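Encoded as C-alpha cells, the structure appears first; notes follow it.
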Amino acid sequence: MADFWVGGYGEDMSGTLSGILAMRTTDAGTLELVGTAVETPSPSYLVQRGDHVYAVAEGAGTVESFRRSGEHGLVRDGSAASGGTWPGNLEFVAGGIAVANYFDGSVTLVGVDDSGAVTGLLETEQGEGSGPDERQQGPHAHAVFAVDDDTLLSLDLGADRVNVHRPGLAVAASLALPPGTGPRDIVRHPSGLLYVLGELGNTLTVLRWTGAELEVVSSASVPGALESGDDGAGISIGAGGRYVYTGLRGSHRVAVLRASDDGAELEPVGWVSSEGEWPRGHAVDGNVLHVANQVSNSIASFRLGSDGMPSLIAEPTAVPSPNYLLARA
C-alpha cells in the first residue's frame with residue numbers, strides 16, 4: 001500500500017489548504033494526515049520524478065518544483081510562470097514540463113535544469129475553438145498527456161477536441177469529439193488504449209493511438225450521472241484494468257464501469273455515494289479507492305469488491321480542500 005502527496009485549493013482559489021500534504025496508509029487501508037510537506041498556494045495538480053515533486057499554483061499561474069527533504073518534507077527550489085491563466089495539469093516531455101492552462105486554453109512548456117528545478121517559460125501554443133455549452137465560449141486546455149516520446153496530446157474542454165502536438169507544441173492534428181463532450185481527463189489502460197472523460201457529456205471515450213493518428217474505438221455513458229448538474233472528474237483504473245472509476249460532481253457519486261478483456265469496450269456497472277461533496281481527484285491503491293471530496297474537506301477510502309463496487313472502509317478523513325492524490329514514489 002502506498003503513501004500519498006495531496007494537493008488542492010488554498011485561499012486564492014476559495015479553499016483552505018495551506019500547501020502540499022503528506023499522508024500515509026493505515027492498517028485499515030484509509031489515509032491519515034502526517035502533516036504539511038511544504039506551504040505553497042493552491043497546488044491543485046502534482047507530478048513527481050526522481051527526488052522532485054512538481055505542482056501547479058493554479059491561482060498564481062506558476063509551476064513550482066520541490067526537492068524531497070526527509071521522509072515527509074519538501075523544499076521549494078524553483079518557480080516559473082506557466083504562461084497562461086489557471087494552470088491545471090502537467091506532463092513530462094522532452095525539454096521540460098508541458099502545462100495545460102485552463103482559463104485561456106494555452107499549452108506551454110516550462111524548462112527544467114539538470115538538478116530537477118524548474119527554470120522558466122520556453123514555449124506557448126494558444127488553443128482555439130468553442131463548443132455549445134455555456135462553459136465552452138472559448139478554448140480551455142484541461143489536460144496534457146505524453147502518448148509516446150515524440151507525441152503530446154492535449155484535451156481542450158472548451159473546443160471538444162483532443163489535439164496532437166508533434167514535434168514540440170505545434171498542433172499537428174486534432175480529433176473532434178461530439179459537441180458538448182468537454183474532454184477533461186485522460187489515462188492509459190493496461191491494453192495501451194486511451195480513456196478520455198467528458199466533463200460535460202459524462203462520457204468515457206476509448207481512443208487508439210496508431211503512431212500517426214487517434215482513432216475512436218468506442219464510447220460509454222457514465223452511470224449515475226444526472227441529466228443536468230453533474231460534472232465528471234477524474235479517472236482511476238483498478239488493478240488489472242478490469243474496472244474504471246470516475247467522480248460525479250453535483251450528485252457526489254463515484255461511477256463504476258467494466259472494461260472488456262482487450263479494454264476496447266466499457267460497460268456501465270453502477271455507482272455509490274462519494275461520502276462527501278464534490279469528488280474530484282481519486283486514486284486506486286491495490287484493492288482500495290481513495291476519493292478527494294473537495295467541498296466537504298475530506299478523503300473517503302473504499303474497499304473494492306470482486307464486482308468492482310466500492311464499499312466505505314471508515315468515516316472519511318478530514319483534509320482541507322483536497323482535489324488531487326499522488327502516490328509517493
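These figures come from a predicted structure and were not determined experimentally. Quick note: residue numbers are just sequence positions, from 1.
In this structure, R242 contributes its side chain and A259 its backbone to a donor-acceptor pair below 3.5 Å. The main-chain N or O of A117 is never found under 3.5 Å from a side-chain atom of S65 such that the two would form a donor-acceptor pair. Here the side chain of T317 pairs no donor or acceptor atom with the backbone of E32 at under 3.5 angstrom. With S82 contributing its side chain and V63 its backbone, the two residues share no donor-acceptor pair below 3.5 Å. D285 places a side-chain N or O within 3.5 Å of a backbone atom of A2 that can act as its donor or acceptor partner. Checked by atom type and distance alone, the side chain of Q48 pairs as donor or acceptor with a backbone atom of A327 at under 3.5 Å. No donor-acceptor distance shorter than 3.5 angstrom exists from the side chain of H140 to the backbone of G158, with no hydrogens or angles considered. Proximity of a side-chain donor or acceptor of S174 to a complementary backbone N or O of N163 within less than 3.5 Å is not detected. A donor-acceptor pair under 3.5 Å links the side-chain atoms of E91 to the main chain of A146, judged by distance alone.
Remark: E128 CD is loosely packed, at most 12 non-hydrogen atoms of other residues, nucleotides or ligands lying under 6.0 Å away. Counting non-hydrogen atoms of neighbouring residues, nucleotides and ligands closer than 6.0 angstrom, the CG atom of D148 exceeds 12 such neighbours. Heavy atoms of other residues, nucleotides or ligands lying less than 6.0 angstrom from CD of E39 number 12 at most. Annotation: E315, atom CD; neighbour count of heavy atoms from other residues, nucleotides and ligands within 6.0 Å does not exceed 12. Counted within 6.0 Å of CZ on R208, heavy atoms from surrounding residues, nucleotides or ligands total 12 or fewer; the atom is thus considered open.
What you find for T62 and S79 is that their closest heavy atoms are CB-OG, 4.1 Å. Taking each heavy atom of L248 and A255 in turn, the nearest pair found is CD1-CB, 4.3 Å. The shortest non-hydrogen separation linking D77 to F66 is OD1-N, 3.9 Å. Residues G238 and Y245 come closest through the heavy atom pair N-CE1, 4.2 Å. For G263 against V206, the heavy-atom pair with the smallest separation is O-CG1, 3.9 Å. The minimum heavy-atom distance linking A55 with L46 is given by the pair CB-CD2, 3.5 Å.
Put simply, CZ on R188 and CG on L193 are 10.0 Å apart, with the number rounded to the nearest 0.5 Å. With rounding to the nearest 0.5 angstrom, the OH atom of Y195 is 9.5 Å from the CG atom of L257. Here the CG-OH distance, from D307 to Y243, works out to 6.0 Å after rounding to the nearest 0.5 Å. Here the straight-line distance linking atom CG of N202 with atom CG of L197 works out to 7.0 Å at 0.5 Å rounding. Here the CD1 atom belonging to I20 is positioned 12.0 Å from the OH atom belonging to Y324, to the nearest 0.5 angstrom. The distance from the CD atom of E199 to the CZ atom of R249 is 4.5 Å, given to the nearest 0.5 Å.
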Report task. Kindly indicate, with the supporting measurements, whether the criterion side-chain hydrogen bond (donor to acceptor under 3.5 Å, both in side chains) is fulfilled by S298 and S296. Result -> CA-CA 6 Å; S298 61; S296 59; 3.1 Å; yes
Requested in this report: Any chance you could lay out the side chain to side chain contact (heavy atoms under 4.5 Å, CB included) test for R328 and V53, step after step, and finish with the verdict?
Outcome: CA-CA 9 Å; R328 284 198 272 163; V53 173; over 6 Å; no
Query - side chain to side chain contact (heavy atoms under 4.5 Å, CB included) between L207 and V216, intermediate numbers included - result: CA-CA 5 Å; L207 303 179; V216 175; 3.8 Å; yes
Query raised in the report: Can R68 and L74 be said to form a side chain to side chain contact (heavy atoms under 4.5 Å, CB included), step by step?
Result: CA-CA 5 Å; R68 294 283 296 267; L74 296 169; 3.7 Å; yes
Report task. Give the C-alpha distance, both sets of side-chain angles, the deciding distance and a yes or no for side chain to side chain contact (heavy atoms under 4.5 Å, CB included) between T151 and L153. Result -> CA-CA 7 Å; T151 310; L153 305 181; 4.3 Å; yes
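No side-chain heavy atom of T246 sits under 4.5 Å from any side-chain heavy atom of W271. Between V222 and T203 there is no side-chain heavy-atom pair separated by less than 4.5 Å. Side-chain atoms of F92 and I97, non-hydrogen and from C-beta on, do get closer than 4.5 Å to each other. Side-chain contact check for H165 versus S154: some heavy-atom pair is nearer than 4.5 Å. Between I235 and V244 there is a side-chain heavy-atom pair separated by less than 4.5 Å. Contact annotation: the side chain of V291 never approaches that of E275 to less than 4.5 Å [non-hydrogen atoms, C-beta and beyond]. Put simply, the side chain of E64 does not reach to within 4.5 Å of the side chain of Y54, judged on heavy atoms. Under the 4.5 Å side-chain criterion, counting only non-hydrogen atoms from C-beta, I299 is in contact with M23.
Under 3.5 Å, the side chains of Q136 and S130 contain no donor-acceptor pair of N or O atoms. Side-chain atoms of T85 and N101 include no donor-acceptor pair closer than 3.5 Å. S274 and N293 are linked by a side-chain donor-acceptor pair at a separation below 3.5 angstrom, with hydrogens and angles left out of the test. Of the N and O atoms on the side chains of D160 and T181, not one donor lies less than 3.5 Å from an acceptor on the other residue. In this model, a donor atom of one side chain and an acceptor atom of the other lie less than 3.5 Å apart for H282 and S236. A donor-acceptor pair shorter than 3.5 Å cannot be found between the side chains of H72 and D3. Donor-acceptor pairing under 3.5 Å is recorded for the side chains of E58 and S44.
A chain of hydrophobic side-chain contacts below 4.5 Å, direct or via other Ile, Leu, Val, Met, Phe, Trp or Tyr residues, connects W209 to V196. In the hydrophobic clustering of this structure, L194 does not group with I237; members are Ile, Leu, Val, Met, Phe, Trp, Tyr whose side-chain heavy atoms approach within less than 4.5 Å, directly or through other members. Put simply, L17 and V38 are part of two different groups of oily side chains (I, L, V, M, F, W, Y) that touch within less than 4.5 Å, one to the next. Linking ILVMFWY residues whenever their side-chain heavy atoms come closer than 4.5 Å, directly or via other members, leaves W86 and V118 in distinct clusters. There is a path of hydrophobic side-chain contacts, each under 4.5 Å, that joins V256 to L312.
Among P41, S42, S14, P322, the one residue that satisfies the side-chain contact (heavy atoms from CB on, under 4.5 Å) test with Y9 is S42.
Taking the salt bridge (charged side-chain N to carboxylate O under 4.0 Å, His left out) definition, one finds that R67 meets it with nothing, sequence neighbours left out. Legend: residues meeting side chain to side chain contact (heavy atoms under 4.5 Å, CB included) with V288, ordered by chain and number and at least two apart, are M1, H290, S301, R303, I313.
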